[in-house]
Colleague: 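Here it is, the structure, as structure tokens.
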Amino acid sequence: MGSIFSDRITDVPKSFIREILKVTNEKDIISFAGGLPNRKLFPVEELKKATLKVFENEGRDALQYNTSEGDLGLRKWIVERYSKNQNIDITPENIIITTGSQQGLDLLGKTILNENDNLIIEEPGYLGAIQAFSLYRPRFHPVPVNENGMNLEVLKQVIENNRVKLCYTVPNFQNPSGITYTDENREQVANIIGNTDTILIEDNPYGDLRFKGSAKKSFFTFMPKNTVLLGSFSKTIVPSFRIGWLVADESLIEKLIIAKQASDLHTNYFCQKVICHFLEDADIDAHIRKITESYGKQRDSMVQAIRKYFPDSVQFTQPEGGMFLWVSLPAHISAIDLFHKAVAEKIAFVPGDPFYINKTNVNTLRLNYSCVDEETIEKGIRIMGKVLQDFI
Ligand code: PMP
């Protein structure tokens, strides 16, 4: 007898990060491996108040089943925010509340991809997206990104030679690399994609976490018909509520609602209401400023420590927001080999391998700075620098 498991699930590797986090959760490890927001910045008191208000104001309604597209008040708040902050004009009918933006990825895969359909993904790219889409068994076309954004030549070639259904991007403070696409690059990407029927996914969980520089234009402003936006409260409020959203035109929303009903009927309604009260009573922008002030300082101390302790032959990105930076080692060094030596010295990070579609033993790695204080960042990077010297 063959395996009881579907081919679909057998083909998808376990989340490499979860495997790594098992090693790195030990107490005395300095971990730059996680991808978590800093728990010290969770607005606990405000959420406590908002929760009580849900019981007092909504009562049993907040405990009942609700609509698949999500709370109307919350969708209206999202509409206004897009209008105010990004000059994007949508209506609540363009939005579904999702169980984290991660569910947005799954619903898009379920709704759009048949087996062997073509999908473009940034390289390096968010491994949670690789995992979510892999279940629908598409043909992945990685397109390299650098400090300016997507490699336009490669993008053009893939688009010209294939019918591409989806193009996945994280244009602001990308996970894993921390890079942000320039406005010029966005415009050029839009010129290539805008007159095809490819849907570009702008996954933007970090966009609000800018601590330097100026905001860039959304792909939506260049090609509203071809763009789907994903957003999330995971990095700006808390991740455990699992509240995110998806913006698309109404014909796509209609299909996505069918996919959502099959998955979970609707996103946790109680938590949607808690978020609504939080947004009503607390100052989310002041809260976000608190987060960016902290992450900005943590990022600065990581950049300074890298300059001081890493060999000159090592390159790294200097993000203007978000939670990660990306390190490129000299070509002959495997980041996995470095990882094993570093863990022996109680330092952890994520080797680049899981962020690529078909590459192993790469010379790149991701460092997270949001969860480590400045002093510990300096210490961890100093030790990592010492371990690195043995490889040079
Ligand atoms: N997209 C990207 C690029 C991410 O980094 C993450 C979280 N690590 C997600 C989506 C998923 O976020 P959530 O489901 O919590 O909204």
Side-chain angles (χ1 to χ4, degrees), residues 15-18 20-21 31-39 41-42 70 74 78 95-110 119-135 142 145 149-150 166-181 200-210 218-219 227-247 256 260 263-264 267-268 271-272 274-275 288 291 295 317 319 321-326 349-350 352 354-356 366-371:
S15 167
F16 187 89
I17 291 224
R18 296 236 181 300
I20 280 189
L21 287 181
S31 179
F32 303 125
L36 311 181
N38 193 325
R39 65 205 295 272
L41 296 161
F42 292 161
L74 185 55
I78 294 166
I95 300 181
I96 326 182
I97 303 298
T98 56
T99 302
S101 49
Q102 188 68 30
Q103 188 187 40
L105 299 172
D106 181 54
L107 297 180
L108 286 164
K110 195 174 279 184
L119 179 149
I120 289 173
I121 185 160
E122 304 164 321
E123 181 161 89
Y126 170 48
L127 74 98
I130 299 175
Q131 195 182 44
F133 294 133
S134 290
L135 282 161
V145 285
M150 272 199 164
L166 292 173
C167 173
Y168 175 76
T169 69
V170 184
N172 298 308
F173 323 129
Q174 196 230 23
N175 181 2
S177 71
I179 60 129
T180 293
Y181 294 24
L200 181 140
I201 303 169
E202 176 171 310
D203 184 9
N204 191 25
Y206 305 105
D208 275 339
L209 305 184
R210 174 177 283 283
S218 164
F219 276 114
T227 307
V228 166
L229 304 173
L230 297 182
S232 175
F233 291 113
S234 289
K235 311 298 188 306
T236 51
I237 304 180
V238 282
S240 73
F241 283 15
R242 312 303 303 125
I243 308 286
W245 64 89
L246 183 154
V247 178
L256 288 164
K260 172 135 180 91
S263 290
D264 64 356
T267 290
N268 183 323
C271 288
Q272 292 184 56
V274 176
I275 296 265
I288 290 172
I291 299 173
Y295 291 1
T317 60
M323 310 192 326
F324 307 108
L325 66 78
W326 187 245
F349 56 83
V350 184
F355 303 107
Y356 297 83
R366 187 187 77 178
L367 294 177
N368 163 270
Y369 47 78
S370 62
C371 291

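Note that ligands are numbered from 1 as they come in the structure, with each ligand's atoms numbered from 1 the same way. Quick note: residue numbers are just sequence positions, from 1.
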Colleague: Give the atoms of ligand 1, by number and element, whose distance to some non-hydrogen atom of S232 is under 4.0 Å.
Modeller: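 Per the distance check, 13 (P), 16 (O).
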Colleague: Write out the residue and atom name of the closest protein heavy atom to atom 7 (C) of ligand 1, then the distance separating them to 0.1 Å.
Modeller: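 Sorting protein heavy atoms by distance from atom 7 (C) of ligand 1 puts K235 NZ, 3.0 Å first.
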Colleague: For ligand 1, is there an atom lying under 4.0 Å from some heavy atom of Q103?
Modeller: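 Per 4.0 Å heavy-atom rule, Q103 does not contact ligand 1.
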Colleague: Taking atom 13 (P) of ligand 1 as the point of reference, which of P176, S101, G125 owns the nearest heavy atom?
Modeller: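 Looking at heavy atoms only, S101 sits closest to atom 13 (P) of ligand 1.
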Colleague: Give a yes or no on whether the backbone of L325 and the side-chain of T317 come within a donor-acceptor separation of less than 3.5 Å.
Modeller: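 Between the backbone of L325 and the side chain of T317 there is no qualifying donor-acceptor contact (under 3.5 Å).
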Colleague: Can you confirm, on distance only, whether ligand 1 has an N/O atom lying under 3.5 Å from any N/O atom belonging to T99?
Modeller: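 No.
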Colleague: Determine whether Y181 and E202 satisfy the following criterion, side-chain hydrogen bond (donor to acceptor under 3.5 Å, both in side chains), listing intermediate values before the conclusion.
Modeller: CA-CA 11 Å; Y181 294 24; E202 176 171 310; over 6 Å; no
Colleague: Out of all atoms in ligand 1, which are within 4.0 Å of some heavy atom of R242? Include the element for each.
Modeller: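 Listed by number with element: 13 (P), 14 (O), 15 (O).
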Colleague: Would you confirm whether Q103, through its side chain, and G244, through its main-chain N or O, come within 3.5 Å as a donor-acceptor pair?
Modeller: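 No; judged by distance alone, with no hydrogens or angles, the pair does not exist.
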Colleague: To the nearest 0.5 Å, how far apart are OG in S177 and CD in E122?
Modeller: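 These two atoms lie 7.5 Å from each other.
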Colleague: Quick one, S263 with K110, criterion side-chain hydrogen bond (donor to acceptor under 3.5 Å, both in side chains). Give me CA distance, side-chain angles, the key distance, then yes/no.
Modeller: CA-CA 10 Å; S263 290; K110 195 174 279 184; 2.8 Å; yes
Colleague: Give the residue and atom name of whichever protein heavy atom lies nearest to atom 3 (C) of ligand 1, and the separation in Å to one decimal.
Modeller: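 That would be D203 OD2, 3.5 Å.
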Colleague: With no hydrogens and no angle check, is any side-chain donor or acceptor of S370 less than 3.5 Å from a backbone partner on L36?
Modeller: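 Yes, S370 side chain to L36 backbone: donor-acceptor pair under 3.5 Å.
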Colleague: Could you check atom 9 (C) of ligand 1 against the protein and tell me its nearest heavy-atom contact, residue, atom and distance included?
Modeller: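 The protein heavy atom lying closest is Y126 OH, 3.3 Å.
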Colleague: Using heavy-atom distances only, which candidate in Y168, Y206, F173 approaches atom 5 (O) of ligand 1 most closely?
Modeller: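 Residue with the shortest heavy-atom distance to the ligand atom: Y206.
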Colleague: Does a donor on one side chain and an acceptor on the other come within less than 3.5 Å for R210 and N172?
Modeller: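 Absent: no donor and acceptor within the cut-off.
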Colleague: Does an N or O anywhere in S234 fall below 3.5 Å from an N or O of ligand 1?
Modeller: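 Looking only at distances, the answer is yes, because the N/O contact criterion of under 3.5 Å is met.
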Colleague: With heavy-atom distances below 4.0 Å as the criterion, list the atoms of ligand 1 near P205.
Modeller: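 Atoms satisfying the 4.0 Å criterion: 1 (N), 2 (C), 3 (C), 4 (C).
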Colleague: As an exercise, state the distance from CH2 of W245 to OG1 of T98, rounded to the nearest 0.5 Å.
Modeller: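 These two atoms lie 9.0 Å from each other.
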Colleague: Would you kindly specify which portion of E122 sits under 4.0 Å from ligand 1, judged on non-hydrogen atoms: side chain, backbone, both or neither?
Modeller: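 The answer is neither; E122 stays 4.0 Å or more away.
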